[in-house]
2 protein chains.
Amino acid sequence: MPNMKHIAKMAGVSLGTVSHVINNSARVSEPLRQRVLEAVDALHYQPSALARGLRRDKTNMIGMVIPDVTNPFFPAVVRGAEDTAFANGYRLVLCNTDNSHAKEMEHLEQLRTYLPAGLIIIPSSFGKLSEEVESFRRSGAAVVFLDRMPRNWKGDSVTVSNNDGAFRAVQYLIQLGHKRIACITGPLHLPNAQERLAGYKRGLKLAGIPILEDYVRKSTFDRVGGYNDALALLRLRNRPTAIFAQNDLMAMGTLLAIRELKLRCPQDVSVIGFDDLDVTELMDPPLASIRQPGYQLGSTAVQMLLDRVNVDEVRAAPGQHRVLGTELRIRESVAPPNATIGGKQPTR
Amino acid sequence: MPNMKHIAKMAGVSLGTVSHVINNSARVSEPLRQRVLEAVDALHYQPSALARGLRRDKTNMIGMVIPDVTNPFFPAVVRGAEDTAFANGYRLVLCNTDNSHAKEMEHLEQLRTYLPAGLIIIPSSFGKLSEEVESFRRSGAAVVFLDRMPRNWKGDSVTVSNNDGAFRAVQYLIQLGHKRIACITGPLHLPNAQERLAGYKRGLKLAGIPILEDYVRKSTFDRVGGYNDALALLRLRNRPTAIFAQNDLMAMGTLLAIRELKLRCPQDVSVIGFDDLDVTELMDPPLASIRQPGYQLGSTAVQMLLDRVNVDEVRAAPGQHRVLGTELRIRESVAPPNATIGGKQPTR
DNA sequence: TTGTAAGCGTTATCAG
DNA sequence: CTGATAACGCTTACAA
């Protein structure tokens with residue numbers, strides 16, 4: 001592969017001049033500039049990102065740490081981040097933590113040694129994380145937390161209005177006449193799960209409906225979790241008439257559990273999710289959900305990160321917490337309790 | 001951040017010795033070894049991946065180029081790749097090409113300057129691609145094509161039995177009594193789309209059913225594409241009784257088109273997809289599909305790549321073409337033509 | 001077994 | 001405006 005020396009020789013100039021031309025770091029006379037550019041073109045020269053990074057103490061990579069690409073909510077986020085990063089000349093290094101603290105830490109330690117320009121992280125644990133994240137900042141990388149963050153985080157973050165979204169979901173169910181409303185939560189050490197739970201409770205409280213312990217099931221943010229905890233809920237003597245699942249994957253598990261028990265959704269049980277994945281409208285029944293702007297979450301995170309890295313006024317500014325809105329999407333998986341749906345055949 | 005010099009000073013040894021301890025590249029006396037290790041621990045030292053890569057002419061990154069994480073088939077592949085890479089100490093750099101040749105090339109050019117150990121690519125174009133890929137190999141990176149590859153590619157690849165999968169889908173439809181079977185294809189410059197089309201035609205031919213041009217719609221591998229071309233098919237005077245969509249996203253679009261025209265699936269039109277995404281069983285109606293082993297595709301690709309990089313016997317071996325099997329998954333979206341489904345209410 | 005030093009491909013400083 | 005030259009942090013002959 002050609003390097004700067006080759007270019008310099010071919011163009012008959014010094015190394016420094018080549019560098020200056022490539023980086024516009026000093027005025028170079030037009031004839032020399034041209035010769036350099038021609039050589040670059042002729043040899044298909046691309047500067048070594050490694051050497052450059054080593055020298056500059058910073059690369060054009062952005063580390064992105066997420067729990068699991070396989071959860072359909074995250075790809076949209078990743079895509080938003082990737083697009084914005086790419087448009088600005090940055091590259092994304094994707095890391096799956098698989099919800100494991102150990103994996104998360106290992107990824108971070110490794111990532112740091114590449115001197116990325118920044119780090120975007122959807123954390124799945126909060127133990128020694130802050131410490132590790134601190135050393136990213138010390139090494140000059142900008143850090144943005146996405147979707148969730150440690151309690152005491154003072155830096156940049158982008159999240160969604162979890163509490164509000166959950167609140168409105170519950171409010172809508174109540175408005176339909178539901179009183180026995182259950183909630184399947186994500187792992188409660190995750191702030192977003194907590195916030196959604198808080199929103200759920202707020203909704204019930206406001207309507208004067210007592211919060212039953214049995215109706216709150218701590219689960220995992222996946223289909224299996226939703227399935228298992230929905231089964232448990234549906235087997236209660238005092239079965240809920242509506243279930244709010246804290247994400248769509250769990251809502252899907254809930255639908256499966258409802259089928260399993262030969263119940264019907266929404267006639268016997270209403271279900272509402274959170275995320276509003278693309279497939280919700282195609283489901284049986286179409287799943288009501290709280291929409292989260294995944295793509296925007298990712299692209300906003302990268303934008304904030306790059307501003308902090310490149311914009312002088314922002315570099316030293318205090319941490320920004322950006323909160324994006326959520327939106328209730330009503331679909332056929334919710335109905336009044338014990339409703340016979342007018343004009344519609346029961347779905348299977 | 002601490003570097004090797006710090007460790008050397010702290011342990012009272014030379015730079016070279018530290019390096020030897022860290023890489024096990026030479027026998028170092030136990031006492032020195034211990035002192036080095038202690039210093040490493042005390043300072044939380046991590047070698048700079050940039051410096052190391054620059055010196056070794058190779059990093060522990062694997063570039064992964066895919067069309068779009070947002071297509072739910074790819075995350076499984078990415079996840080399989082990520083897991084296997086991580087387990088072997090490698091990191092994945094993810095690049096979305098958005099099905100654009102330009103983006104693809106730009107990603108590749110940039111990627112190469114990081115001297116990745118390898119490249120896994122699901123190509124979305126084939127123009128100057130081979131050329132660029134060649135320079136990866138010259139720079140010492142192993143390259144594995146995934147899911148599709150250029151005609152003349154002689155290196156490693158992992159694909160699935162596209163032709164066979166499509167063939168069996170069509171065969172099944174025919175067996176149910178269908179004669180008017182349409183096919184919505186992906187972009188035909190993509191080999192996998194071609195193969196699936198060939199499998200479709202093979203199935204029809206074998207049954208002596210003529211292949212109608214009107215029944216083959218060249219589309220794009222997304223929901224909108226499926227929707228539009230399904231609409232066109234469903235408006236034909238001689239409407240097909242079954243539609244084979246070359247991926248699940250297009251099959252979903254097809255279901256939407258069917259609803260739009262107030263037809264019913266499967267009573268009026270049977271639909272079968274390709275991919276077998278996780279959500280298929282929850283759809284309305286549950287979507288029949290050809291299963292592709294996404295995760296395995298990704299993990300196999302990384303495995304092949306690492307073998308070529310690290311295993312002496314493999315390094316110089318001729319390119320391997322691994323083909324993974326597909327599997328027909330029957331679900332309620334297919335039925336005999338004009339069937340009144342016994343005991344079931346028509347779905348909506 | 002351990003230390004020394006060259007060099008990987010850049011950038012940045014400093015003379016000229 | 002241009003050219004030497006010293007880092008950046010590491011690996012790897014080679015010398016001691």
Side-chain angles (χ1 to χ4, degrees), chain A residues 1-37 39-40 43-61 109-110 112-117 139-141, chain B residues 1-37 39-40 43-61 109-117 135 139-141:
Chain A
M1 288 295 117
N3 60 24
M4 249 181 178
K5 239 187 241 166
H6 299 141
I7 303 295
K9 194 190 293 176
M10 183 165 182
V13 300
S14 79
L15 229 54
T17 303
V18 176
S19 178
H20 281 135
V21 170
I22 287 176
N23 299 297
N24 269 312
S25 46
R27 297 191 61 80
V28 173
S29 71
E30 201 48 31
L32 286 204
R33 223 181 76 83
Q34 280 311 323
R35 268 159 46 206
V36 169
L37 258 24
V40 164
L43 301 187
H44 258 44
Y45 169 73
Q46 292 273 126
S48 155
L50 293 178
R52 181 175 270 185
L54 181 59
R55 197 47 239 254
R56 293 218 266 230
D57 244 56
K58 177 149 311 203
T59 65
N60 70 340
M61 301 188 314
E109 280 177 11
Q110 269 270 327
R112 187 166 46 76
T113 70
Y114 272 105
L115 303 184
S139 78
Chain B
M1 287 294 117
N3 61 25
M4 245 178 180
K5 238 187 242 168
H6 299 141
I7 304 295
K9 193 190 295 178
M10 182 164 183
V13 301
S14 78
L15 228 58
T17 302
V18 176
S19 176
H20 282 134
V21 169
I22 287 176
N23 300 297
N24 268 313
S25 47
R27 297 192 61 81
V28 172
S29 72
E30 201 47 29
L32 285 205
R33 222 180 78 84
Q34 280 311 325
R35 265 155 51 200
V36 169
L37 259 24
V40 164
L43 301 187
H44 259 43
Y45 169 71
Q46 291 274 126
S48 154
L50 292 177
R52 182 176 268 183
L54 182 59
R55 197 48 238 259
R56 295 219 263 233
D57 242 61
K58 177 149 310 199
T59 65
N60 70 340
M61 301 187 314
E109 280 176 11
Q110 268 269 331
L111 213 43
R112 187 166 45 74
T113 69
Y114 272 105
L115 304 184
S135 55
S139 77

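Naming: A, B, ... by sequence-line order, numbering from 1 per chain.
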**OP:** With heavy atoms under 4.0 Å as the rule, sort A:L32 into base, sugar-phosphate or nothing.
**Re:** sugar-phosphate
Subject >> 4.5 Å side-chain heavy-atom contact, B:V21 and B:L32 >> reply: no
Subject >> Phosphate-side-chain proximity, B:S19 and D:dT11, N/O vs OP1/OP2 below 4.0 Å >> reply: yes
Original post:
To the nearest angstrom, how far is A:M4 atom CE from D:dT5 atom P?
Top reply: 17 Å
**OP:** Might you point out which heavy atoms bring A:R112 and A:S139 nearest each other, and give the distance in Å?
**Re:** CG-OG, 4.0 Å
Original post:
Mapping A:M1 and A:G16 onto DNA chain C by nearest heavy atom, which one lands closer to the 5' end?
Top reply: A:M1
Original post:
Hey, does B:N23 have a side-chain heavy atom less than 4.5 Å from the side chain of B:R52?
Top reply: yes
Original post:
For D:dT12, does OP1 or OP2 lie under 4.0 Å from any side-chain N or O of B:S25?
Top reply: no
Original post:
Which part of the nucleic acid, if any, lies within reach of A:L15 when heavy atoms closer than 4.0 Å are counted: base, sugar-phosphate only, or nothing?
Top reply: base
**OP:** Please tell me if the side chains of B:V28 and B:V36 come closer than 4.5 Å, counting only heavy atoms from C-beta onward.
**Re:** no
Subject >> Whole angstrom value for the distance that separates C1' of D:dC14 from NE2 of B:H20 >> reply: 11 Å
**OP:** Report the nucleotide, chosen from D:dC10, C:dT2, D:dT2, that has the shortest atom-to-atom distance to any side-chain atom of B:N3.
**Re:** D:dC10
Original post:
What's the CG-C1' distance between A:L43 and C:dG9, to the nearest Å?
Top reply: 15 Å
Original post:
What's the NZ-C1' distance between B:K5 and C:dA5, to the nearest Å?
Top reply: 13 Å
Original post:
Between B:T17 and B:L54, which has a closest nucleotide on DNA chain C that is more 5'?
Top reply: B:T17
Subject >> Minimum-distance nucleotide (side-chain atoms of A:Y45 versus D:dC10, D:dT2, C:dT10) >> reply: C:dT10
Subject >> Any A:S14 side-chain nitrogen or oxygen under 4.0 Å from OP1 or OP2 of D:dG3 >> reply: yes
Original post:
With a 4.5 Å limit on heavy-atom distance, are the side chains of A:Q110 and B:N60 in contact?
Top reply: yes
Subject >> Whole-Å distance separating the NZ atom of A:K58 from the P atom of C:dT11 >> reply: 16 Å
Original post:
With no angle test and no hydrogens, is the base of D:dA7 tied to the side chain of A:R55 by a donor-acceptor pair under 3.5 Å?
Top reply: yes
Original post:
D:dT12 C1' sits how many Å from B:R27 CZ, rounded?
Top reply: 19 Å
Original post:
C:dT11 phosphate, OP1 or OP2: any side-chain N/O from A:N23 under 4.0 angstrom?
Top reply: yes
Subject >> A:R56 CZ to C:dA12 C1', straight-line distance once rounded to whole Å >> reply: 11 Å
Original post:
Rounded to whole angstrom units, what separation is found between the CG atom of B:D57 and the P atom of D:dT12?
Top reply: 11 Å
Subject >> hbond_proxy A:R52 side chain to C:dT10 base (donor-acceptor, 3.5 Å cutoff) >> reply: no
